[in-house]
Amino acid sequence: MKRTILMVAALLMMAAPMAKAQVDTSLGFADIEEVNVEKSRAALKKQDAAIADAKKSLKAATWLKHANEYYAAANDPVAGVFAGLNETVLLNTVGAKTPTEDVVLNGIKYRVYHCDNFDAYCGNGQILFVVATTVIYPNALDVAYESYSKAYELSPKVEKKVHEGMTNVMNLHIFNAQGLYGIGKLPEAASEFYKAYRASCHPVINHADTVDVYNAAVMATVGGDFENGLKYVEEAMKLNYMEGGETYYYKSVCLYNLDRKEEAKEVLKYGITEYPTNNNIIETLLQYYNEDENSNPRDIIPMVRRAIAKDPSNGALHLGMGRIHAKLGDLESAIASMQTAVSLNPADFYANFYLGDTFLEKATALEAELNKLPFPTNAEAKAAYDQALKNVNSAFASAIAPLEMAYGLNPKEIATVERLKNVCFRLRDESADMKAKYDKYNDLYNSMRK
């Protein structure tokens, strides 16, 4: 059976801003109007006839009207609704007879309002995203984009109006993309994000929105549309949008699933020298090597070693080397590399966190070996057991200093507090100071969980 590279389940890239509200949210109400589909389609036909006229088609105003009408056709079904609109205000606006239901999507529960022209997905008392259910004209936004472009081409005098219209097109694409993402239609959401990016690149705006094209890449890739995923991620990389190395990861996933496995491996081999601490790059590259019987996962180490030779004071490279050693089970080498990373950059949260975490991994491995020893029945065996236990506790204790440094650098990271709580609990009987540390981190952990 062909193995498919697994992709991250949580889409951390959803950092794109919510689409600009289509109404002034400060008003506190929604101006939602009824949609007359036949009337709207008749208006579209009228504008189609205008651009088909030989004389009228030479005028920018004709194309501007055509674009505005098609934008309206795309926007009207959802006009007046926006993310953040109060749920009660929505219900009062559309009427109490609107059917509702509770649904769970990707583990998140929503209250869905099935309105005449759209479904509003709500949580925490407000709209989270909207999906249009009435379609006046398929791909109306594409037609609007082309018509605004034509108007701009014919006359610079309409630049201000075209800029406004093209911005509306861009924002509505983002609005649609967020709704499609919410209901799990990832390839469709990717297309909408990419079209928002396309609008941002138009000369009248001329400000490429790299977040939109990156979102498009991730949506397409996770949604299994690897052809478009590759297209979008390469576009993001051309704009130097790397997202901490994630673009290399997504590009490799697309290539791998398009049966271009060697190219996928090469992408990550380069990516790991640029972003040696990226977990997705490390883990996926190790997976590629493990799948190939003729490859040794340890071949990754010389790649990073060469990068270190070129830039020995780069703490991130040493941390990356440590993460690779840890993944391969060589914990002593991992600790040595991470200690170098910390010495080069003592204020690096991740270097301190992973150093502490690796000490815990070492301690856990030593404890597993300790548990294999038979119960001591004589003084010599008891001495050996006690020394082994001392080594275990010493390894656990070694984790505290780097984890406390990590906590000081980022006190909001609950994972650090949880580890400190656990290790101090284990060692709480060693001293009053350790007992006090346990109480401190236990209280912190419980307060952070609330």
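Judged by distance alone, the side chain of Asn106 and the main-chain N or O of Ile108 form no donor-acceptor pair under 3.5 Å. Judged purely by atom type and a 3.5 angstrom limit, Ser337 has no side-chain atom pairing as donor or acceptor with the backbone of Leu319. The backbone N or O of Lys56 lies less than 3.5 Å from a partner atom in the side chain of Thr62, making a donor-acceptor pair. Panel note: side chain Asp53, backbone Ala49; no donor-acceptor pair is recorded below 3.5 Å. Listed for the Asn278 side chain is a donor-acceptor partner under 3.5 Å among the backbone atoms of Gly244. Looking at Ser147, its side chain never comes within 3.5 Å of a backbone N or O of Ala144 through a donor-acceptor pair. A donor-acceptor distance shorter than 3.5 angstrom exists from the side chain of Asn352 to the backbone of Pro346, with no hydrogens or angles considered.
Shown here for Thr273 and Met303, the closest heavy-atom pair between the two residues is CG2-O, 3.8 Å. Here the shortest heavy-atom pairing between Cys201 and Ala208 reads SG-CB, 3.7 Å. Annotation for Ala196 and Ile174: closest pair CB-CG1, 3.6 Å, computed over non-hydrogen atoms. Minimum heavy-atom separation, Val158 to Ala151: CG2-O, 3.6 Å. In terms of heavy atoms, Gly320 sits closest to Thr277 at N-CG2, 3.8 Å. When all heavy atoms of Val204 and Glu159 are compared, the pair lying nearest together is CG2-O, 3.7 Å.
We find that Lys269 and Glu266 are joined by a salt bridge, their nearest charged nitrogen and carboxylate oxygen being less than 4.0 Å apart. Using a 4.0 Å cut-off between charged nitrogen and carboxylate oxygen, Glu404 and Lys437 count as a salt-bridge pair. Between Lys161 and Glu164, none of the side-chain N atoms (NZ, or NE/NH1/NH2) sits under 4.0 Å from a carboxylate O, so this pair counts as no salt bridge.
Shown here is Asp48, whose CG atom has more than 12 heavy atoms of other residues, nucleotides or ligands within 6.0 Å. Residue-environment remark: CG (Asn124) stays at or below the threshold of 12 foreign heavy atoms within 6.0 Å. Other residues, nucleotides and ligands contribute only 12 or fewer heavy atoms inside 6.0 Å of the CD atom of Glu227. Residue Tyr137 qualifies as open at atom OH: its count of foreign heavy atoms under 6.0 Å is 12 or below.
Just one residue in the list Asp212, Ile205, Val213 forms a side-chain contact (heavy atoms from CB on, under 4.5 Å) with Asp209, and that residue is Asp212.
Between Asp76 and Thr134, every side-chain heavy-atom pair lies at or beyond the 4.5 Å cut-off. When side chains are defined from C-beta on, Ile183 counts as touching Phe129, because their heavy atoms get closer than 4.5 Å. Between Asn168 and Asn75, the closest side-chain pair of non-hydrogen atoms is not below 4.5 Å. Side-chain contact check for Thr221 versus Val233: every heavy-atom pair is 4.5 Å or farther apart. Residues Leu58 and Leu154 are not in side-chain contact: their nearest non-hydrogen atoms beyond the backbone lie 4.5 Å or more apart.
With values rounded to the nearest 0.5 angstrom, Lys231 atom NZ is found 15.0 Å from Lys251 atom NZ.
For the pair Lys265 and Tyr288, the NZ or CZ position fails the cation-pi test of under 6.0 Å to the six-membered ring centre and within 45 degrees of the ring normal.
Ring to ring, His202 and Tyr152 are close: their centroids are under 6.0 angstrom apart. Ring to ring, Tyr232 and Tyr250 are not that close: their centroids are 6.0 angstrom or more apart.
Judged by distance alone, the side chains of Glu87 and Tyr113 do bring a donor and an acceptor atom under 3.5 Å apart.
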Query - From CA spacing to verdict: side-chain hydrogen bond (donor to acceptor under 3.5 Å, both in side chains), Glu246, Tyr214 - result: CA-CA 10 Å; Glu246 288 297 283; Tyr214 176 71; 4.6 Å; no

Query raised in the report: Do Tyr350 and Phe353 pass the ring pair (Phe, Tyr, Trp, His ring centres under 6.0 Å) test, and can you show the C-alpha distance, the side-chain angles, and the key distance before you say yes or no?
Result: CA-CA 5 Å; Tyr350 291 103; Phe353 176 83; 7.6 Å; no

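Tyr110 and Tyr121 have perpendicular rings, their planes meeting at more than 60° on a 0 to 90° scale where under 30° would count as parallel.
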